[in-house]
Amino acid sequence: MQHIIDRFISYITIDTESDPNSNTTPSTEKQWDLANKLVEELKAIGMSNVTIDDNAYIMATLPSNVEHDVPTIGFISHFDTSPDFTGANVNPQIVKDYDGTDIILNAEENIVLSPDYFEDLLLYKGQTLITTDGTTLLGADDKAGITEIVTAMEYLINHPEIKHGDIKVGFTPDEEIGRGAHKFDVEKFGADWAYTMDGSQVGELEYENFNAAGAKIKVKGKIVHPGYAKGKMINSMYYATEFINALPRLETPEHTEGYEGFFHLHNIEGKVEETILQYIIRDHDKDKFEARKSLMEKITQDLNTKFEAEIFEIEIKDQYFNMKEKVEPVMHIVDIAEEAMKSLDIKPLIKPIRGGTDGSQLSYMGLPCPNIFAGGHNFHGRYEYVPVESIQKAVEVICKIAELTAEKNRDFNQ
């Protein structure tokens, strides 16, 4: 247990926040600090063919220890953290034998991690939790996943009695800004399928995710002196509210769950002369996804007609698609993960991802890639935490998947 804690803390205390405004890969130079550390660590535990390319994509191989043919599987995680909240100077707290009460993250600022608000905490009574100090995120997304993969590979190397085929490991930059798979060399990776270790609660097993797009609405105005503005000024910020209010008010993240899609206004930059609205568009259903994009385009056209001027401009770009389409034809890869969990007395929680993952893009690049729990909760903020026991269980799942895949006479055409 302490070995896992030490490894995880050694990762999260390295700042790897990514930057959506950067055009480089990785998007921040500091991501190299952890990337280079991981390369040396993979070599130290005995992995083969450890490589890192010019964009900080890391790959390594654990060679097969069986003589019969076995599919090559992979495990993938990302080492960047979200730009939504600072990942600098992470100061983790260890809460042993959690008793189910409030956890004081920061007494000075009165920041409390409470089960009254975060009910999932009560699932982990009696366990060891790793939390923040209330001033940063933790980085369990997805350094818990990296911890699990490295620890599982180390365990398999030290226990050759566990039979497995070739196992590929991949660590990526910039997943949090939607670019984690953009420069991933699927052919070089060489796996028949893979799993991202990037989920949350113990038992999560996901092969459906949102279809995703981003929309940028530019609202044009005219600035004149406010004292002489009658009939002349066009205040773009007021007009922008027309667009905002034209969308379905309850189809937003705070009002939706499960398979329900949404429009999410995540950024506004406004002055009289120009306002920019930034939206993300999400839906699991492809037809509903397309309808959402069409609705935004229609609102743009209707408003320009209403005001008899080209005030509104819209640009929509697709970001990723639902991996279900690529995973369903090879559902045995989900079945193996489910079997692994059940054999370890872990209840599989098969549900759609209300978000995205490297696995989505990788699935469309020819590498089917469901997502497995990494154990953390409340990602991207000060209330993030992870139970150490959850990390341990994920390690066991990785090892069991490897073992089950290597069984003789297993049917991979179910």
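Values in this document were obtained by computation on a predicted structure and should not be read as measured data.
- Ring pair Phe189/Phe184 is perpendicular by interplanar angle, where above 60° counts as perpendicular and below 30° as parallel.
- Using a 4.0 Å cut-off between charged side-chain N and carboxylate O, Glu403 and Lys400 make a salt bridge.
- Two residues are said to be in side-chain contact when any heavy atoms from C-beta on lie closer than 4.5 Å; Lys351 and Glu204 meet this criterion.
- Here the options are Glu208, Lys286, His284, Glu206, the test is side-chain contact (heavy atoms from CB on, under 4.5 Å), and the partner is Lys324; only Glu208 passes.
- When only modelled atom types and interatomic distance are considered, Glu176 and His380 share a side-chain donor-acceptor pair under 3.5 Å.
- Aromatic ring pairs are classed by plane angle as parallel below 30°, tilted from 30° to 60° and perpendicular above 60°; the pair Phe210 and Phe262 is perpendicular.
- Distance check, rounded to the nearest 0.5 Å: NZ of Lys218 to OG of Ser236 gives 11.5 Å.
- Of the possible donor and acceptor atoms, none in the side chain of Ser77 sits under 3.5 Å from a partner among the backbone N and O of Lys143.
- Taken from CZ in Arg292 to CG in Leu295, the straight-line distance is 8.5 Å, to the nearest 0.5 Å.
- Counting only distance, with no hydrogens or angles, the side chain of Glu384 and the backbone of Leu138 share a donor-acceptor pair below 3.5 Å.
- Leu137 approaches Ser82 most closely through the heavy-atom pair CD2-O, 3.7 Å.
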- [ ] Kindly indicate, with the supporting measurements, whether the criterion side-chain contact (heavy atoms from CB on, under 4.5 Å) is fulfilled by Thr196 and Glu175.
- [x] CA-CA 11 Å; Thr196 49; Glu175 189 270 355; over 6 Å; no
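- In this structure, the side chain of Glu389 engages the main chain of Thr128 through a donor-acceptor pair within 3.5 Å.
- Judged purely by atom type and a 3.5 angstrom limit, Asn65 uses its side chain to pair as donor or acceptor with the backbone of Ile162.
- Checking side-chain atoms of Tyr364 against main-chain N and O of Asn322 turns up a donor-acceptor pair under 3.5 Å.
- Ile401 pairs in a side-chain contact (heavy atoms from CB on, under 4.5 Å) with only one of the listed residues (Ile333, Ile167, Ile336), which is Ile336.
- By the 30° and 60° cut-offs, the orientation of the rings of Phe243 relative to Tyr279 is tilted.
- Remark: side-chain polar atoms of Thr61 are not paired, donor with acceptor, to backbone N or O of Pro63 under 3.5 angstrom.
- Applying the side-chain contact (heavy atoms from CB on, under 4.5 Å) test between Tyr320 and each of Leu362, Asn209, Thr357, Asp358 identifies Asn209 as the sole match.
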TODO: Start with the C-alpha distance between Asn211 and Glu290, add both sets of side-chain angles, then the distance that settles side chain to side chain donor-acceptor pair (under 3.5 Å), and finish with yes or no.
DONE: CA-CA 9 Å; Asn211 295 291; Glu290 295 298 330; over 6 Å; no
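- Side-chain contact, Thr25 with Arg179: no donor N or O sits under 3.5 Å from an acceptor N or O.
- The nearest pair of heavy atoms linking Ile130 to Pro92 is CG2-CB, 3.9 Å.
- For the residue pair Asp19 and Thr28, no side-chain donor N or O sits within less than 3.5 Å of a side-chain acceptor on the partner.
- Remark: the Asn158 side chain and the Glu154 side chain contain no N/O donor-acceptor pair separated by less than 3.5 Å.
- In terms of modelled atom types and a separation under 3.5 Å, the side chain of Lys342 and the main chain of Pro348 share no donor-acceptor contact.
- Between the side chains of Gln278 and Asn267, no donor-acceptor pair of N or O atoms lies under 3.5 Å.
- What you find for Ile73 and Ala402 is that their closest heavy atoms are CD1-CA, 3.9 Å.
- Nearest heavy-atom pair across Cys369 and Ile76 is SG-CD1, 4.4 Å.
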Open item on the list: The test is side-chain contact (heavy atoms from CB on, under 4.5 Å); show your working for Met296 and Ile217 and say whether it passes.
Closed with: CA-CA 9 Å; Met296 297 189 87; Ile217 297 90; 3.9 Å; yes
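- Distance check, rounded to the nearest 0.5 Å: CD of Glu269 to CG of Leu277 gives 10.0 Å.
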Open item on the list: Checking Ile234 against Phe307 for the side-chain contact (heavy atoms from CB on, under 4.5 Å) test, could you report, in this order, the C-alpha distance in whole Å, the side-chain angles of both residues, the deciding distance, and whether it holds?
Closed with: CA-CA 11 Å; Ile234 298 176; Phe307 297 115; over 6 Å; no
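- Of all heavy-atom pairs between Gly261 and Thr256, the closest is O-CG2, 3.4 Å.
- Lys183 forms no cation-pi arrangement with Tyr57, by the criterion of a distance under 6.0 Å to the ring centre and an angle within 45° of the ring axis.
- Between the side chain of Glu260 and the backbone N or O of Glu257 there is at least one donor-acceptor pair closer than 3.5 Å.
- Remark: the Thr16 side chain and the Asp80 side chain contain no N/O donor-acceptor pair separated by less than 3.5 Å.
- Of all the heavy atoms in Met153 and Phe75, the pair that sits closest is CE-CD1, 4.4 Å.
- The aromatic rings of His159 and Tyr155 lie parallel to each other, with less than 30° between the two planes, well short of the 60° mark.
- Between the side chain of Asn378 and the main chain of Tyr383, a donor-acceptor pair closer than 3.5 Å is present.
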Open item on the list: Using side-chain contact (heavy atoms from CB on, under 4.5 Å), reason through His377 and Tyr385 one step at a time and then give a plain yes or no.
Closed with: CA-CA 6 Å; His377 287 263; Tyr385 72 92; 3.4 Å; yes
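- Put simply, CD on Gln201 and NZ on Lys347 are 10.0 Å apart, with the number rounded to the nearest 0.5 Å.
- A donor-acceptor pair under 3.5 Å is absent between the side-chain atoms of Thr136 and the main chain of Thr86, judged by distance alone.
- Side chains of Ser27 and Ser22: no donor on one and acceptor on the other come within 3.5 Å.
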